[in-house]
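Side chains are part of it too, since the values below use all heavy atoms of this structure and drop only hydrogens, waters and symmetry mates.
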Amino acid sequence: MGARIERLVTSGTFSLDGGTWDVDNNVWIVGDDHEVIVIDAAHDAEAIAEAVGGRRVRAIVCTHAHNDHIDAAPELAERVGAPVLLHPDDQQLWKQTHPDRAPDAELADGQILVVAGVELSVLHTPGHAPGAVCLYAPALSALFSGDTLFSGGPGATGRSYSHFPTIIESIRERLLTLPGATVVHTGHGDTTTIGAEAPGLPDWIARGH
């Protein structure tokens with residue numbers, strides 16, 4: 001069987017700026033019967049490892065370093081023997097959750113990750129967090145957007161390390177230029193498409209959040 005996309009939903013908490021909220025996160029597993037990458041190891045390393053099964057994990061990719069997207073990454077890395085990848089601009093956020101364990105390697109804009117014969121391009125999309133990235137897999141007509149773009153608009157920018165004009169620029173310049181049929185696999189909630197979200201841009205800008 002060729003490369004496919006699997007979703008696992010895990011539950012836990014998101015904490016920043018002194019507040020804590022209950023959240024459900026999407027963990028995306030991309031690959032085939034032999035090898036995968038895990039996108040955003042959230043909350044439950046055991047559940048993610050079970051979903052992976054006996055397949056080789058080539059990498060654990062962090063779309064950004066808010067704790068709800070990375071809290072299970074070190075434990076999962078130890079379980080499956082895979083490196084944790086993070087954009088360097090999110091190191092400060094990472095250290096808030098894992099002060100004694102650094103990521104294994106850095107993500108860079110334009111970098112290509114390959115799994116099961118499929119290429120995923122790293123797109124640096126700051127705004128929700130300084131080191132936020134999305135992964136674009138043209139062969140799968142898929143974008144893994146983390147918390148940059150959701151069904152209904154951009155990710156939140158009301159907390160530390162976030163900036164609304166920056167996320168709008170990232171979405172406009174890096175994401176809405178992708179084919180309209182591209183399915184957006186988000187960090188939380190339902191999938192959407194680039195074509196479904198593009199018309200909303202003027203309203204997002206008008207609302208200013």
Would you say the side chains of S160 and D17 form a donor-acceptor pair under 3.5 Å?
yes
Using the rule that two of Ile, Leu, Val, Met, Phe, Trp, Tyr join whenever any of their side-chain heavy atoms come within less than 4.5 Å, decide whether [X] and [Y] are in one cluster.
X: L123; Y: V184; result: yes
X: L201; Y: I194; result: yes
X: I168; Y: L175; result: yes
X: V80; Y: V27; result: yes
X: L93; Y: L86; result: no

May I have the step-by-step check of side-chain contact (heavy atoms from CB on, under 4.5 Å) for V9 and N26, ending in yes or no?
CA-CA 5 Å; V9 179; N26 293 327; 3.6 Å; yes
If I take atom [atom1] from residue [X] and atom [atom2] from residue [Y], how far apart are they, to the nearest 0.5 angstrom?
X: H64; Y: H87; atom1: NE2; atom2: NE2; answer: 14.0 Å
X: I29; Y: I37; atom1: CD1; atom2: CD1; answer: 10.5 Å
X: D44; Y: D71; atom1: CG; atom2: CG; answer: 9.5 Å
X: I39; Y: L135; atom1: CD1; atom2: CG; answer: 4.5 Å

Determine whether a donor-acceptor pair (N or O, by modelled atom type, separation under 3.5 Å) exists between the side chain of [X] and the backbone of [Y].
X: S170; Y: P126; result: yes
X: T10; Y: A42; result: yes
X: S162; Y: T157; result: yes
X: D104; Y: V84; result: yes
X: W28; Y: G187; result: no
X: H69; Y: D147; result: no
X: T193; Y: A196; result: yes
X: D40; Y: D68; result: no
X: D90; Y: G131; result: yes
X: D32; Y: E35; result: yes

So which atom in [X] and which in [Y] form the shortest heavy-atom distance, rounded to 0.1 Å?
X: F164; Y: P154; result: CE1-CG, 4.4 Å
X: T13; Y: N67; result: O-ND2, 3.2 Å
X: P74; Y: I70; result: CD-O, 3.6 Å
X: H124; Y: A132; result: CD2-O, 3.1 Å
X: L149; Y: S145; result: O-OG, 2.8 Å
X: A72; Y: H43; result: CB-N, 3.7 Å

Evaluate side-chain contact (heavy atoms from CB on, under 4.5 Å) for L140 paired with V30, printing each intermediate quantity in order.
CA-CA 10 Å; L140 299 176; V30 184; 3.9 Å; yes
Pairwise side-chain contact, [X] with [Y], heavy-atom cut-off 4.5 Å (strictly under):
X: L120; Y: F144; answer: yes
X: I205; Y: R172; answer: yes
X: L16; Y: Q96; answer: yes
X: E197; Y: I171; answer: no
X: F14; Y: H188; answer: no
X: H66; Y: H128; answer: yes

Just checking [X]: does its [atom1] atom have more than 12 heavy atoms from other residues, nucleotides or ligands closer to it than 6.0 angstrom?
X: D109; atom1: CG; answer: yes
X: E78; atom1: CD; answer: no
X: E173; atom1: CD; answer: yes

Identify which one of I60, L113, V133 satisfies the side-chain contact (heavy atoms from CB on, under 4.5 Å) criterion when paired with L85.
L113
Hey, can you tell me if H98 and W94 have their rings parallel, tilted or perpendicular (30° and 60° cut-offs)?
tilted
Only one of T125, T63, T186 passes side-chain hydrogen bond (donor to acceptor under 3.5 Å, both in side chains) with T148, and that residue is T125
